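Working notes, beginning with the structure itself.
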Amino acid sequence: MTNLSKNYSPLKTSLKTTALCLLPMLFYTHNAQAEGKLTVYCSVQNVTCEKVTKRFAEKYNVDAQFVRNSTGTVLGKIKAEKENPQADVWFGGTFEPHLQAADQGLLATYRSPLQKNIMPQFKKLMDERGDYTSIIYLMEVAIGVNTEKLKQLNIPEPKCFADLLKPEFKNQIQYADPRVSGTGYSFLTTLVQLWGEEKAFDYLKKLNANVAQYSKSGLATGNLATGEVGVDIAFMHGYVREKDKGALVKGILPCEGVGYTLGSVSIIKGARNLENAKHFVDFVLDTEAQEIPWRESDSYQIPANIHAKASPKASDPSKLKLLDIDFIRFGADAESKRLIERWVETVKGEK
């Protein structure tokens with residue numbers, strides 16, 4: 001288990017439609033450091049995409065636009081556009097697909113000087129892979145429950161992953177398809193890290209009997225909020241957001257151990273606006289941009305910058321007992337393909 005309190009001060013730190021948002025320059029700052037254009041592929045919440053891109057546009061005097069898609073969809077777009085890139089930078093989405101993109105030669109090299117402010121627990125990871133991508137936030141894997149739905153069905157709230165195999169949860173569970181969702185892949189890798197591959201896939205085959213649907217995005221928490229399903233498996237911050245909006249939803253950290261993933265930002269190889277892409281990477285690694293999600297768009301990921309303040313509604317990283325996720329293994333292109341193919345054959349193929 002990894003304890004984030006090690007070498008870390010007890011600081012309370014903290015995708016179904018495609019959206020295209022053109023953000024013309026509304027304000028021009030006196031200290032603008034760049035001009036021109038920037039296109040961002042964005043894999044965080046739509047409002048966060050808008051707020052962060054707009055702030056960057058205003059600060060750097062850049063005509064910026066974003067296209068919002070899930071992590072897996074963005075990776076597919078970057079692959080398809082390899083010979084003619086349509087975007088400059090990839091903002092957000094889970095860490096492993098960014099590593100896979102690097103392995104496939106889809107990312108440009110850029111090591112931001114602001115990597116020095118990333119949580120020290122991830123220094124080794126950045127030393128090894130920071131030439132291609134930078135960590136911007138942390139998200140813990142959790143079990144989301146609709147408390148009213150479970151109460152109506154007279155089903156006790158689960159405390160552990162193992163509880164979700166009980167027959168009373170039949171047709172009450174959803175989680176994201178790992179072929180198209182970084183969230184779904186993070187759930188898969190969490191189980192493999194926790195139990196080993198054979199036990200993890202045995203569990204997933206059994207869980208399949210209770211799954212009502214495999215969503216296309218880890219952000220499909222609205223199905224949980226409306227009671228379409230009683231249980232969702234995704235990241236904790238999504239359940240905090242639904243609760244904030246008034247839904248009878250809460251997130252539960254599973255008793256077996258807390259898996260997690262890291263959010264990333266990377267420059268796309270062949271970017272037409274390379275210098276602006278570098279400015280954008282630096283911008284989202286700094287404290288101002290790292291606090292925008294919770295201050296302005298109700299998104300509660302834990303900031304990776306040790307100097308950034310986190311929402312009081314986010315988990316306290318000093319108290320999280322996290323699994324020691326092998327990001328190098330799970331971020332390798334060949335390994336991710338193998339695990340996802342096995343999931344399709346042995347889990348989804350039986351549904």
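Since we're looking at a predicted model, the values are computed, not measured.
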Closest approach of [X] and [Y], non-hydrogen atoms and distance?
X	Y	answer
Asn210	Lys166	ND2-O, 3.0 Å
Phe95	Ser264	CD1-OG, 2.7 Å
Leu274	Ile267	CD1-CG2, 3.8 Å
Ser112	Asp282	OG-OD1, 2.6 Å
Asn154	Pro156	O-CD, 3.9 Å

Problem set entry | Heavy-atom check, side chain of Phe161 versus side chain of Trp195, under 4.5 Å |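 Yes, their side chains come closer than 4.5 Å.
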Problem set entry | Note, Asp298 side chain near Val47 side chain (heavy atom, < 4.5 Å) |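 In short, these two side chains do not touch, never coming nearer than 4.5 Å.
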Problem set entry | Criterion side-chain contact (heavy atoms from CB on, under 4.5 Å) against Tyr175, the qualifying member of Thr183, Asp232, Leu207, Val231 |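 In the set Thr183, Asp232, Leu207, Val231, the residue that makes a side-chain contact (heavy atoms from CB on, under 4.5 Å) with Tyr175 is Leu207.
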For atom [atom1] of [X], decide whether the heavy atoms of other residues, nucleotides or ligands shown that lie under 6.0 angstrom number more than 12.
X	atom1	answer
Asn84	CG	yes
Lys79	NZ	yes
Lys51	NZ	no
Lys206	NZ	no

With the threshold set at 4.0 Å, does a side-chain nitrogen-carboxylate oxygen contact exist between [X] and [Y]?
X	Y	answer
Lys199	Glu256	no
Lys278	Glu275	yes
Arg338	Glu197	yes

Problem set entry | Any donor-acceptor pair under 3.5 Å from Asn305 side chain to Leu285 backbone |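 Confirmed, Asn305 side chain pairs with Leu285 backbone.
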For this session: Over 60° means perpendicular and under 30° means parallel, so classify the ring planes of Phe280 and Phe283, tilted if in between.
Result: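 Tilted.
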Exercise. Should the pair Tyr260 and Phe327 be assigned to parallel (<30°), tilted (30 to 60°) or perpendicular (>60°) ring geometry?
Worked result: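 Answer is perpendicular, since the angle exceeds 60°.
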Problem set entry | Evaluation steps, side chain to side chain contact (heavy atoms under 4.5 Å, CB included), between Asp88 and Ile268 | CA-CA 5 Å; Asp88 304 300; Ile268 298 168; over 6 Å; no
Problem set entry | Audit row: Trp343, Tyr214, ring-ring contact (aromatic ring centres under 6.0 Å, His included) steps and yes/no | CA-CA 12 Å; Trp343 181 85; Tyr214 294 99; 5.3 Å; yes
For this session: Report yes or no: do Ser315 and Glu140 form a side-chain donor-acceptor pair below 3.5 Å?
Result: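 Yes.
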Problem set entry | Pairs involving residues 67-87, ordered by first then second residue, that meet ring-ring contact (aromatic ring centres under 6.0 Å, His included) (sequence neighbours left out) |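 Residue pairs passing ring-ring contact (aromatic ring centres under 6.0 Å, His included), neighbours aside: none found.
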Contacts table for residues 123-132: side-chain donor-acceptor under 3.5 angstrom, sequence neighbours left out:
from	atom 1	to	atom 2	distance (Å)
Lys123	NZ	Asp127	OD2	2.9
Lys124	NZ	Glu128	OE2	2.4
Arg129	NH2	Asp103	OD1	3.1
Asp131	OD1	Arg111	NE	2.9
Asp131	OD1	Arg111	NH2	3.1

For this session: Taking side-chain hydrogen bond (donor to acceptor under 3.5 Å, both in side chains) as the test, write out the residues that go with Tyr185, two or more places apart.
Result: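 If we apply the side-chain hydrogen bond (donor to acceptor under 3.5 Å, both in side chains) test to Tyr185, skipping adjacent residues, there are no hits.
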